[in-house]
Each structure stands twice: as C-alpha cells, then as structure tokens.
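Below, all heavy atoms of this structure are taken into account, side chains as well, without hydrogens, waters or symmetry copies. Treat the numbers as computed from the prediction; the structure is a model and nothing was measured.
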Amino acid sequence: MKKIDRRIFLKGGLAGGAALAATGTAATAKGAGTFNGYPNSMGVLVDLTKCVGCRTCEAACNKEQGLPAPDKPFNDTSVFDEVREGGQKRRTTEKAYTVVNRYDVEGREGGPVYRKFQCNHCQEPACLTSCFVNAYKKTPEGAVIYNPKVCVGCRTCMVACPFYVPAYAYSSATNPVVKKCIMCYDTRLKFGRPPACVEACPQEVMTFGKRTDLIKLGHERIKANPGKYVDHLYGETEVGGTSWMYLSDVPFEKVGFDTTLGNQPIISYVKDFLGMVPVVLTVWPALFTGFHLLANRKEAKKKEEENKG
Ligand code: SF4
Ligand code: SF4
Ligand code: SF4
C-alpha cells in the first residue's frame with residue numbers, strides 16, 4: 001500500500017510540476033538563515049590530533065545501528081588506501097554511517113592524520129531546508145533525523161548537503177530510503193546518552209556535551225596549547241554552525257575539510273547553483289511546487305477523512 005501511494009504521488013508530482021512549468025510558476029526555497037539551532041542542543045567536539053585510525057568507532061556505529069557486515073573487517077587498515085573516482089577518499093554509505101580516512105600531511109611530525117567522517121548535524125541543515133516533503137527534522141537535542149515513510153526518493157538532500165552525507169538504499173527503486181548518521185538519536189541521544197561511536201573510542205578523540213560548552217572547551221584547548229592547534233574550531237560557524245565540531249593541528253583543507261563553504265546556511269548556495277543551470281531553474285522549482293501542492297492536498301484530504309471518520 002505504501003509503495004503504491006508513493007508511486008502515485010511521484011507520478012502526480014511530475015505531472016503537476018510540468019503543468020506549472022508551462023505556466024511559468026516559480027517556487028522559493030524555504031526560509032534560509034532563519035533558524036540558528038536549539039540553545040540547549042548537544043554536540044560532539046572531535047580532536048583530530050588524538051585519533052589513531054583504529055576504526056573502533058566504525059564498528060560501534062555498525063553494531064548500534066544494526067548495519068550489515070562491512071566488505072572488509074574493521075581491523076583491516078587497507079581501507080585507508082582506497083581511492084574513489086576523482087581521487088576521493090571513502091565516504092559514508094547506506095551501510096556505513098561513519099568512516100575514518102587517513103591523510104598524509106607533508107612535514108607533520110607524528111605521522112598521518114586520521115579523520116572520522118559522519119553527518120555533522122548542521123544547525124540549519126541543507127538536507128532539511130531543501131526537502132519539500134519535510135522528511136527531515138532537527139531535534140532539540142541537536143540531531144538531524146529523517147522519516148523514511150515521508151521520503152519520495154528525489155535525492156535533493158544529497159545534492160544540497162555540503163558534506164556529501166545522505167546516502168540512499170537503492171535496493172528498491174520504488175521504496176527509497178535515506179541512510180545517514182542520526183547521532184544515535186533513537187537509542188541514545190534522546191535519553192541524554194552519548195553516541196555509540198563517541199563512547200567506544202579508546203583514545204577519547206570525541207567529547208560529548210552541550211554545543212555551547214563544547215565551543216568554549218575547544219577555544220580553551222587551543223589557548224592552553226599554544227602552537228599545537230590551528231586557531232579555528234571547524235563547525236562553530238561553517239554553514240551556520242554544526243553540532244559536530246573539530247580541532248586540528250594541520251590546516252583543515254589538508255585533511256579533507258571544505259574551507260570554502262562560508263558561514264551562511266548552505267541553502268543560499270544551493271539556490272545559486274540552481275540559478276547557474278537554466279533548465280533546472282525552469283523545471284525544478286516547478287516540480288518542487290507541484291510536489292508541495294500535492295503533499296498539502298494529500299494531507300488536507302487525510303485530515304478531511306479523519307474528521308469524517
Ligand atoms: S575509535 Fe577513536 S581513535 Fe579509533 S578511529 Fe575512531 S575516532 Fe579514531
Ligand atoms: S551534514 Fe548534510 S546530511 Fe548532515 S545535517 Fe548537514 S546537510 Fe544534513
Ligand atoms: S553518532 Fe551514532 S549513528 Fe552517528 S556515526 Fe556515531 S554511532 Fe553512528
């Protein structure tokens with residue numbers, strides 16, 4: 001039943017979008033820059049200088065989230081040599097919500113840098129603001145979670161996310177599901193407990209706490225160790241701020257961080273990107289509008305039926 005509903009919805013949305021495109025109707029992206037996160041939300045401070053690349057965090061996440069066994073065991077360090085198309089290092093997938101990568105930084109004493117990668121749980125998430133069926137939610141605790149029952153599989157969130165996080169389970173084309181780190185919301189965060197990966201790390205690379213406290217802690221650590229850290233807390237302000245923030249002893253761009261993102265929520269850049277592609281600019285907003293109207297109509301009809309019943 002769920003699958004049929006989704007297919008009909010998708011078909012209807014496309015038809016609605018096409019009709020609106022013909023009449024030149026445009027949609028606007030939802031309120032960028034209007035939400036700065038919940039004041040008491042939690043976060044994680046990651047100190048890259050402490051990570052030894054043991055991948056215990058990957059194993060802990062796999063267990064906590066009930067993910068399938070990995071292609072290579074978690075003690076296999078050959079994964080650090082894997083290179084994707086375009087020279088990319090490993091990324092999160094539908095089967096791995098967190099991955100650790102190795103970076104050989106020239107001239108660094110103490111060997112390579114290891115960096116854990118997962119959803120950063122943005123304060124104003126691009127995945128959320130770009131999703132026209134409201135499949136995503138930023139919880140007061142700080143996690144960005146999603147509702148697979150609402151997702152229509154358009155993959156807009158994949159395009160919008162500045163950190164390339166959301167992945168899709170492609171096992172069924174008619175029943176797509178977003179897969180990403182949810183900050184262990186269901187099993188831990190909502191009960192005030194730290195995420196499984198944080199707790200499992202033998203090097204105490206990650207500190208779990210109130211985001212505002214972590215910002216203070218990060219700056220204190222930089223000040224208390226002159227010359228050790230780069231004087232910047234990545235994620236404090238990037239893309240409007242993120243719940244996961246990072247300390248590093250090497251420039252962030254050398255360990256795979258995008259230092260060109262700026263401090264505005266990413267949705268404004270997404271709009272710019274759409275503006276650069278005329279055909280998309282014409283058709284995509286119309287499709288969004290079509291989907292949005294249909295979603296509203298569907299919701300209204302449901303309520304009408306509920307009231308009647
Ligand atoms: S468990 Fe800790 S030390 Fe090991 S790879 Fe993960 S973050 Fe690094
Ligand atoms: S990192 Fe990407 S997926 Fe995670 S909250 Fe931010 S925009 Fe969404
Ligand atoms: S916070 Fe939870 S879901 Fe996210 S990477 Fe860590 S263990 Fe996995």
Side-chain angles (χ1 to χ4, degrees), residues 42-84 88-103 112-122 125 127 136 139 141-146 157-158 161-169 177-190 193-209 211 214 234-235 238-239 242-248 252 255-258:
M42 306 300 281
V44 177
L45 177 64
V46 185
D47 188 336
L48 298 187
T49 67
K50 294 183 174 187
C51 182
V52 295
C54 66
R55 301 181 64 211
T56 306
C57 50
E58 289 187 35
C61 177
N62 178 278
K63 191 173 169 208
E64 182 79 13
Q65 299 300 327
L67 299 174
D71 296 336
K72 289 180 184 172
F74 288 114
N75 60 4
D76 186 341
T77 54
S78 70
V79 294
F80 296 136
D81 299 321
E82 288 176 16
V83 182
R84 306 272 135 109
Q88 300 286 341
K89 289 190 179 287
R90 294 195 304 153
R91 288 207 186 285
T92 52
T93 68
E94 63 184 85
K95 295 178 188 165
Y97 298 172
T98 186
V99 294
V100 179
N101 283 326
R102 184 188 64 209
Y103 295 85
V113 176
Y114 294 94
R115 177 195 160 192
K116 181 182 178 300
F117 185 94
Q118 76 297 302
C119 171
N120 283 321
H121 299 274
C122 305
C127 55
Y136 285 87
T139 74
E141 297 89 348
V144 177
I145 58 172
Y146 56 89
C157 55
M158 287 175 82
C161 173
F163 303 111
Y164 305 96
V165 168
Y168 269 88
V177 185
V178 175
K179 293 281 187 178
K180 75 166 195 72
C181 158
I182 53 165
M183 214 168 157
C184 292
Y185 181 73
D186 296 333
T187 51
R188 289 168 167 265
L189 189 66
K190 73 175 174 192
R193 292 176 60 209
C197 55
V198 172
E199 206 169 71
C201 174
Q203 301 295 319
E204 297 183 356
V205 167
M206 296 160 277
T207 309
F208 172 70
R211 185 177 184 270
L214 294 177
Y234 191 98
E238 276 80 7
V239 297
T242 56
S243 297
W244 284 61
M245 295 170 287
Y246 303 83
L247 283 170
S248 174
F252 284 98
V255 285
F257 286 87
D258 189 341

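Ring orientation note: the planes of Phe163 and Tyr234 are nearly perpendicular, at an angle over 60° on the 30°/60° scale.
Considering CD of Glu82 and NZ of Lys89, their distance stands at 10.5 Å, rounded to 0.5 Å. Going from atom CG of Asn101 over to atom SG of Cys51 covers 10.5 Å, rounded to the nearest 0.5 Å. Rounding to the nearest 0.5 Å gives a distance of 11.0 Å between SG of Cys127 and OH of Tyr146. Note that CG of Leu45 is 5.0 Å distant from CG of Leu247, once rounded to the nearest 0.5 Å. Separation of atoms CG (Asp47) and CD (Gln203) is listed at 11.0 Å; rounding is to 0.5 Å. Here the straight-line distance linking atom SG of Cys57 with atom OH of Tyr97 works out to 16.0 Å at 0.5 Å rounding.
In this structure a side-chain-to-backbone donor-acceptor pair under 3.5 Å is present from Arg55 to Pro73. The main-chain N or O of Val144 is found under 3.5 Å from a side-chain atom of His121 such that the two form a donor-acceptor pair. Not a single donor-acceptor pair under 3.5 Å links the side chain of Tyr164 to the backbone N or O of Arg91. Between the side chain of Glu58 and the backbone N or O of Ala96, no donor-acceptor pair lies under 3.5 Å.
The side-chain heavy atoms of Arg102 and Asp81, taken from C-beta on, include a pair separated by under 4.5 Å.
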Listing, residues 60-70 side-chain donor-acceptor contacts under 3.5 Å, not counting sequence neighbours, or none:
from	atom 1	to	atom 2	distance (Å)
Asn62	ND2	Pro68	O	2.8
Glu64	OE1	Arg188	NE	3.3
Glu64	OE2	Thr187	OG1	2.6
Glu64	OE2	Arg188	NE	3.1

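Under the ring-ring contact (aromatic ring centres under 6.0 Å, His included) criterion, Tyr114 pairs with Phe80, not counting sequence neighbours. With sequence neighbours excluded, the residues forming a side chain to side chain donor-acceptor pair (under 3.5 Å) with Asp76 are Ser78, listed by chain and number.
Few gaps surround NZ on Lys190; more than 12 heavy atoms of other groups in view lie less than 6.0 Å from it.
Side chains of Lys116 and Thr98: a donor on one and an acceptor on the other come within 3.5 Å.
Contact between Thr93 and Ala167 at its shortest, heavy atoms only, is C-CB, 3.7 Å. Counting all heavy atoms, side chain and backbone alike, Glu199 lies closest to Pro194 at OE2-CG, 3.6 Å. For Tyr103 against Gly256, the heavy-atom pair with the smallest separation is CE2-N, 3.7 Å. Heavy-atom minimum distance, Cys201 versus Met206: CB-CE, 3.7 Å. Residues Glu94 and Lys179 share a closest heavy-atom pair of CA-CB, 3.6 Å. What you find for Leu189 and Ala143 is that their closest heavy atoms are CD2-CB, 3.6 Å.
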Give the C-alpha distance, both sets of side-chain angles, the deciding distance and a yes or no for side chain to side chain donor-acceptor pair (under 3.5 Å) between Tyr246 and Asn120. CA-CA 10 Å; Tyr246 303 83; Asn120 283 321; 2.6 Å; yes
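Geometrically, Arg115 does not engage Phe252 in a cation-pi contact, judged by NZ or CZ lying under 6.0 Å from the ring centre and within 45° of the ring axis.
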